[in-house]
Amino acid sequence: MRVLSSILLLLCVLCHVFCDVYMHNPRGSNNRLNERTAVRRNANRLFDSQNNNRGGYNTGDATNTAANNDPNKQYSLQYYQSGPEAAAESRLIVEWTNQHGCGGSEDSSPHKLNCDIVIQYMCQNDVDQNVLRANLADGKDQILRDGLNTQNNGYTQPNRGETNENNNNRNQQYANRIQGNLNQIGMGRGYQESMIWYDMCRYREANGGLFTADQRLNNGNLGYKDASRTRQNPNGNRSGFECPEERDYYPYWFPTLMSQTYDQTRQTTPWIDMAYLTSNTSRCDIIKKGSFNQNGIPRCVLAEGTRTYGRSITEAACTAEGGTWVTFHSYLEILTTITTEAACNAKAATDKRNKISWMSLRSDETAKKCVVQAPEVDCTTAPWTRVNHNGNSPDSQGNASRYDAVLPYFPSDTKKRCVMRLRYNISTDDYDPFNTNSASNENIQEGIVSPIEQNPLVDVGASARPLRLALNTNQYGRTFQDRSHVFRMLPRTSADMTGKVIHNLNVRGKRGNIVQTYPAVEYDFIPNRATVSTADLVHIQWTGSNTHNNQPNGGDGQTGDAGEGQGGTDRSNFLEMQGEIENYPAPFENTTFWANVKSVTQPSATAKDIAAGYFSSGYYCGAAASANVCNENGDQVLGTGGAMNDLLNNAPASYFGHVLKFTGKTTVAYMCSRNNNFSNRSQKGILWVVDPADAAKSQAAKKRRRRSTVNNL
C-alpha cells in the first residue's frame with residue numbers, strides 16, 4: 001500500500017497523564033450536556049476528546065430553569081453570518097487553553113515540541129425546534145443537536161455476510177442493518193457526524209502507510225484493520241459517530257462528506273477547515289493543498305447494490321474491488337434556486353468571500369450545480385504557550401490562546417445550525433513526525449526497531465541498573481479535541497448590517513471558584529477589552545446553564561459551586577460603570593453609553609429598553625410595551641408584573657441581546673452585578689468606540705504586538 005504520510009500531518013501528542021485542550025469561547029462541551037456533577041457522565045457521547053473528565057461547560061438554558069427534556073428550553077448561541085462584501089466580517093474570538101505547550105521555533109523560542117491547532121466547523125440547514133421532538137422515520141432525524149440525555153446512539157457494525165459475494169442476500173442484509181441503525185438514533189441523544197459517515201469508516205481499510213511504532217492494531221470483525229483503528233485507538237472503540245482515523249490525521253485523505261449522496265434537504269456540510277495554527281508555517285502550502293475546502297478528494301464508489309462505498313483506499317485496489325475511483329468536492333452549500341451557469345457566475349461576482357462555481361459535486365456526474373465552497377484554510381502561527389501550563393499566552397496579550405475567527409457567509413441567506421471543533425496536537429523531536437511512516441514500525445522478524453518503544457529501559461552508565469522511562473507509544477501519536485455545543489448562524493436581515501463588521505461580545509466561564517471550575521474558567525466577558533469603529537456593529541450576547549452545580553463525584557478536583565445567587569445557576573448582565581476601576585454600576589440616568597447606541601435587531605427599542613434588557617439578562621423585555629420590543633406572551637415590562645430577583649435568580653440564564661450600532665464615539669466600562677465578586681474574581685470590561693481610522697490603527701497594532709511577541713520569546 002502506498003504511503004500517504006507525505007501529504008498529511010499526523011496529529012501527534014506526547015503526554016504521560018492528561019494532555020488536554022479546552023474551548024472557552026464558544027463554550028466547549030468536552031462531551032458534557034447538562035450534568036449537575038463535576039465530572040461528565042459519558043466521555044464518548046459525541047467524540048473522543050482524550051481530556052480530563054472535569055472539563056467542559058453544559059449546554060445553555062433559555063429560561064431560569066433547566067431545559068430537562070424540552071429542546072425548546074435549550075439555548076443555542078446565535079451569531080450573525082459574515083456578509084458577501086470583503087469588509088463585512090462577523091468576528092468571533094475562539095479561545096482555548098492547552099496543557100502541554102505550543103508555538104515557538106527552534107531559533108527564537110526553542111520548544112522540544114511541534115504543535116498544531118486545527119479549527120473546523122460543520123453546518124446544516126436549521127430546523128424548527130419542534131422537529132427535534134418528532135421521531136421521524138425518513139432519516140430526517142439526523143439533525144445536528146446537543147441532545148437531552150447523555151446516552152450514546154446505538155449502532156450495529158458491518159458483518160461478513162454483507163461482503164460475501166456468494167451471498168445473494170448481502171444487499172438486503174446491508175439495507176436492513178442500516179435501517180436498524182437509523183432506528184437506533186434517539187431523538188433525545190446528541191448527534192454530530194452521521195451514522196453513514198461512521199459506517200464508511202468501519203468498512204474502509206485503515207491506511208497501512210502510517211507510523212504505529214510498536215502498537216498492534218487489531219483486526220475488525222470483517223477480518224482486516226479498518227479506519228476505526230489507529231495508534232491511539234487500536235481496539236476500534238466508538239465515540240459518537242466520529243471516525244478515529246479522520247480525527248487523528250490532518251489533512252485527511254478521504255472526503256469528509258456525511259452522506260453517500262448529496263442531501264438537498266439538510267445540506268449538511270463536510271468538516272470545513274477554518275484555521276490551521278502551527279509552529280511550522282513552512283508547511284502551509286501542503287496544508288492548503290490537502291484541505292478539502294477547495295480541493296477534490298477521491299474515494300472508492302461501488303456501482304452494484306445499496307452500499308456505494310468501497311473498502312479500498314487506493315485507486316488500484318478500488319478497481320480490483322470492482323469500484324470506480326471518484327473525486328468528490330466539498331461545499332459550504334448548494335444554491336438550489338440557481339439553475340443556470342450564467343446566474344451562478346453572476347452570484348459569484350457578488351460574493352467576495354467564498355468560491356462559487358458551476359460544477360459537478362463528483363467526477364462521475366455530468367449534472368452541474370451552483371456550488372459554494374468555503375475560503376481557503378487560514379494557515380498561520382500558533383499562539384505560544386509553555387509546557388505543563390493550562391493557561392494564558394503572551395501572544396494573546398495575557399489572555400488564553402485565541403484565534404480571531406471570521407464566521408462564514410451562506411449566500412442562500414438561510415439560517416444554519418453548526419458545531420465547531422478544535423483539535424490540539426504536539427509531537428516531540430524524538431522522531432521526525434512528518435517523514436516517519438510504516439517503514440519504521442516495529443517488526444522483530446525483519447529486525448526493525450521502532451524509534452520509540454513502550455516504557456523503554458535506558459542505560460545511564462556507571463555500571464548502574466537501567467532506568468525505565470514512562471513512555472506510552474500510543475500517546476506519541478495522539479489527538480486531543482474539544483467541540484462547541486450546537487450554535488446557530490443567522491443571515492443578515494437588516495439593511496443596517498450591509499457591509500458592516502459585526503463584533504461578537506460574549507461571556508465565558510461557569511459558576512464556581514478557580515479550583516472548582518478548573519479546567520474550565522470563571523466568568524469573564526470575551527473580549528473584555530476591545531476597540532471598535534463607529535461604523536462597526538457589536539452583538540452582546542451570552543448563554544449559561546442552570547445545572548452547573550459541580551456536585552460529587554469530583555474526580556481529581558474540588559466539588560462545590562461558590563458564587564452568588566441560586567446554586568448551580570449561571571447568570572450574567574451588562575451595566576455601565578463610571579470608570580474601569582470602579583466596582584459599582586452607574587444609575588441609568590448617569591450613563592452615556594445607551595444614548596450613543598441604537599438597536600439594529602429591534603429598531604424601535606429606546607435607550608432605556610436596551611439598558612433594561614441588558615441589566616436584567618432579558619427578564620425585562622424593555623422599559624415600555626412596544627409592538628417590536630415587548631410583544632411575546634410572558635414578557636415583563638420594567639415597572640410592571642413580578643419583581644426581578646436582585647441576584648437574577650428568576651432571570652433567564654441566556655440572553656440574545658441586541659446588535660448595536662453607534663451614533664458617535666464613546667467609551668463604556670461595564671460590569672456584571674452578580675459575578676463581580678471582586679474579593680476573588682472580576683467580571684468587567686471596557687469598550688472603546690473610535691473613528692474608523694483609529695480603529696484600523698488599533699487592529700494593525702494588535703497584529704504587530706502578536707508578531708513581536710512571537711519573535712522575541
Side-chain angles (χ1 to χ4, degrees), residues 1-11 48 155-165 167 170-171 173-174 177-178 193-213 215-239 241-260 270 290 292 297-328 437-441 443 474 477 479:
M1 182 181 297
R2 72 184 178 92
V3 176
L4 295 173
S5 58
S6 62
I7 62 167
L8 61 94
L9 171 63
L10 174 63
L11 296 181
D48 181 12
Y155 174 77
T156 301
Q157 62 187 349
N159 60 73
R160 296 197 183 194
E162 299 173 15
T163 62
N164 185 350
E165 293 184 0
N167 178 10
R170 63 183 183 276
N171 289 330
Q173 286 185 7
Y174 166 78
R177 183 179 62 83
I178 292 300
E193 287 101 334
S194 72
M195 181 276 297
I196 286 292
W197 165 251
Y198 183 70
D199 204 65
M200 293 183 195
C201 179
R202 286 301 297 257
Y203 189 64
R204 185 171 65 252
E205 292 178 350
N207 181 355
L210 301 173
F211 176 57
T212 57
Q215 292 290 317
R216 300 290 183 264
L217 275 59
N218 298 322
N219 287 339
N221 66 311
L222 296 179
Y224 55 86
K225 297 176 179 63
D226 60 69
S228 71
R229 295 156 203 282
T230 66
R231 182 163 24 133
Q232 76 173 54
N233 192 50
N235 296 320
N237 297 328
R238 181 169 70 91
S239 299
F241 289 130
E242 173 182 69
C243 180
E245 192 179 67
E246 184 271 338
R247 175 195 63 220
D248 293 353
Y249 297 91
Y250 179 87
Y252 195 46
W253 49 88
F254 189 88
T256 59
L257 295 163
M258 294 295 129
S259 58
Q260 296 188 68
F292 191 32
I297 297 178
R299 72 167 173 87
C300 189
V301 174
L302 304 181
E304 180 186 358
T306 52
R307 176 194 280 114
T308 63
Y309 41 94
R311 60 176 276 184
S312 303
I313 64 170
T314 66
E315 185 172 5
C318 179
T319 301
E321 190 181 349
T324 304
W325 197 242
V326 176
T327 297
F328 288 78
N437 53 47
S438 58
S440 298
N441 291 341
N443 189 323
N474 75 9
T479 303

Counting distance only, does the side-chain N/O of [X] pair as donor-acceptor with the main-chain N or O of [Y] below 3.5 Å?
| X | Y | value |
| --- | --- | --- |
| Q215 | Q232 | no |
| N233 | P244 | no |
| N235 | N237 | no |

**Asked** Can you name the salt bridge (Lys or Arg N to Asp or Glu O under 4.0 Å) partners of E193, sequence neighbours left out?
**Response**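 In terms of salt bridge (Lys or Arg N to Asp or Glu O under 4.0 Å), with neighbours along the sequence ignored, E193 is linked to R483.
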**Asked** With sequence neighbours left out, what residues match R229 under salt bridge (Lys or Arg N to Asp or Glu O under 4.0 Å)?
**Response**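 Residues passing salt bridge (Lys or Arg N to Asp or Glu O under 4.0 Å) with R229: D226.
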[X]: partners by side-chain hydrogen bond (donor to acceptor under 3.5 Å, both in side chains), with sequence neighbours left out:
| X | result |
| --- | --- |
| N164 | none |
| S312 | E321 |
| Q260 | Y174, T308 |

Who are the side chain to side chain contact (heavy atoms under 4.5 Å, CB included) partners of [X], not counting sequence neighbours?
| X | result |
| --- | --- |
| T324 | V326 |
| T156 | R177, N181, Q184 |
| N441 | F211, T212, S438 |
| S239 | N44, D48, E242 |

**Message:** Can you confirm if the NZ or CZ of R204 lies within 45° of the ring axis of F254 and under 6.0 Å from the centre of its six-membered ring?
**Reply:**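 So R204 does make the cation-pi contact.
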**Criterion side chain to side chain contact (heavy atoms under 4.5 Å, CB included) on W197 and T256, from CA distance to verdict** = CA-CA 8 Å; W197 165 251; T256 59; 3.9 Å; yes
Is there a side-chain contact between [X] and [Y], using heavy atoms and a 4.5 Å cut-off?
| X | Y | answer |
| --- | --- | --- |
| P298 | W253 | no |
| F328 | V301 | yes |
| I313 | N207 | yes |

**Request:** Could you check whether the rings of Y224 and Y203 sit parallel, tilted or perpendicular, using 30° and 60° as the cut-offs?
**Result:**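 Perpendicular, since the angle between the ring planes exceeds 60°.
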**Request:** Dump the intermediate steps for side chain to side chain contact (heavy atoms under 4.5 Å, CB included) on C300 and W325, then the final yes or no.
**Result:** CA-CA 5 Å; C300 189; W325 197 242; 4.1 Å; yes
**Asked** Is there a side chain to side chain contact (heavy atoms under 4.5 Å, CB included) between I297 and T327 once you walk through the steps?
**Response** CA-CA 5 Å; I297 297 178; T327 297; 5.9 Å; no
**Asked** Between the side chains of D199 and Y309, does any donor sit under 3.5 Å from an acceptor?
**Response**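 A pair is found: one side chain offers a donor N or O, the other an acceptor, under 3.5 Å apart.
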**Message:** Y155: which residues meet the ring-ring contact (aromatic ring centres under 6.0 Å, His included) condition with it, sequence neighbours left out?
**Reply:**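 Y155: ring-ring contact (aromatic ring centres under 6.0 Å, His included) contacts with Y198.
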**Item:** With sequence neighbours excluded, residues passing ring-ring contact (aromatic ring centres under 6.0 Å, His included) with F292
**Value:**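 Here no residue qualifies.
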**Message:** According to salt bridge (charged side-chain N to carboxylate O under 4.0 Å, His left out), does anything in residues 215-225 pair up with another residue at least two apart or in another chain? List the pairs.
**Reply:**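 Salt bridge (charged side-chain N to carboxylate O under 4.0 Å, His left out) check on residues 215-225 returns R216-E442.
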**Step-by-step side chain to side chain contact (heavy atoms under 4.5 Å, CB included) determination, I178 to M195** = CA-CA 9 Å; I178 292 300; M195 181 276 297; 3.9 Å; yes
**Request:** To the nearest 0.5 Å, tell me how far S228 OG sits from E246 CD.
**Result:**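 Separation between the atoms: 13.5 Å.
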**Request:** Could you point out which residue of R307, Q173, R170 forms a side chain to side chain donor-acceptor pair (under 3.5 Å) with E162?
**Result:**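 Exactly one candidate clears the test, R307.
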**Prompt:** Does E205 come within less than 4.0 Å of R311, counting only side-chain N to carboxylate O?
**Reply:**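 Result for this pair is yes, salt bridge flagged.
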